[in-house]
Amino acid sequence: MSAEASAARAIAALDRLIVAAPPCDLDGARQVFEALVTLRDGLAARRRAGEAVEPTLARVNAALALTWSGALPVAGFRAGRLERARALLLEGIEG
């Protein structure tokens, strides 16, 4: 799957979770996590192969941190953080 397709999948999953939160939609959260990890792993592989993807990889790592830090089990998913994660991914696609 291309980075653009992976990012689009992650953005779509974030969109669904933003609409659902709160309350937390655990299946939606799993979809976001899987999509972001797939995107991150693909970018990491490209970086190891010598491709200059550091800025995009940093945005994806930041999106992962925004989405998951402090979310479980206490606070739940915060719409503001999900929206910032979505914006980071869009910046990587459009920028």
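Residue Ile11 comes nearest to Leu90 through the heavy atom pair CD1-CD2, 3.6 Å, listed as atom of the first residue, atom of the second, then distance. The minimum heavy-atom distance between Ala3 and Leu43, with the atom names listed, is CB-CD2, 4.5 Å. Taking every heavy atom of both residues into account, Leu66 and Ala85 meet most closely at CD1-N, 3.8 Å.
In this structure, Thr67 OG1 and Arg86 CZ are separated by 12.5 Å, a value rounded to the nearest 0.5 Å. The structure places CG of Leu17 at 11.0 Å from CD of Glu83, a figure rounded to the nearest 0.5 Å. Separation of atoms CD1 (Ile18) and CG (Leu82) is listed at 5.5 Å; rounding is to 0.5 Å. A distance of 9.0 Å separates CD in Glu91 from OG1 in Thr56, rounded to the nearest 0.5 Å.
Using a 4.5 Å heavy-atom threshold, the side chains of Arg40 and Leu57 count as touching. Looking only at side-chain heavy atoms (C-beta outward), Leu89 and Leu39 come within less than 4.5 Å of each other.
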Trace of the side chain to side chain donor-acceptor pair (under 3.5 Å) decision for Arg9 with Ser6: CA-CA 5 Å; Arg9 183 174 156 234; Ser6 292; 5.8 Å; no
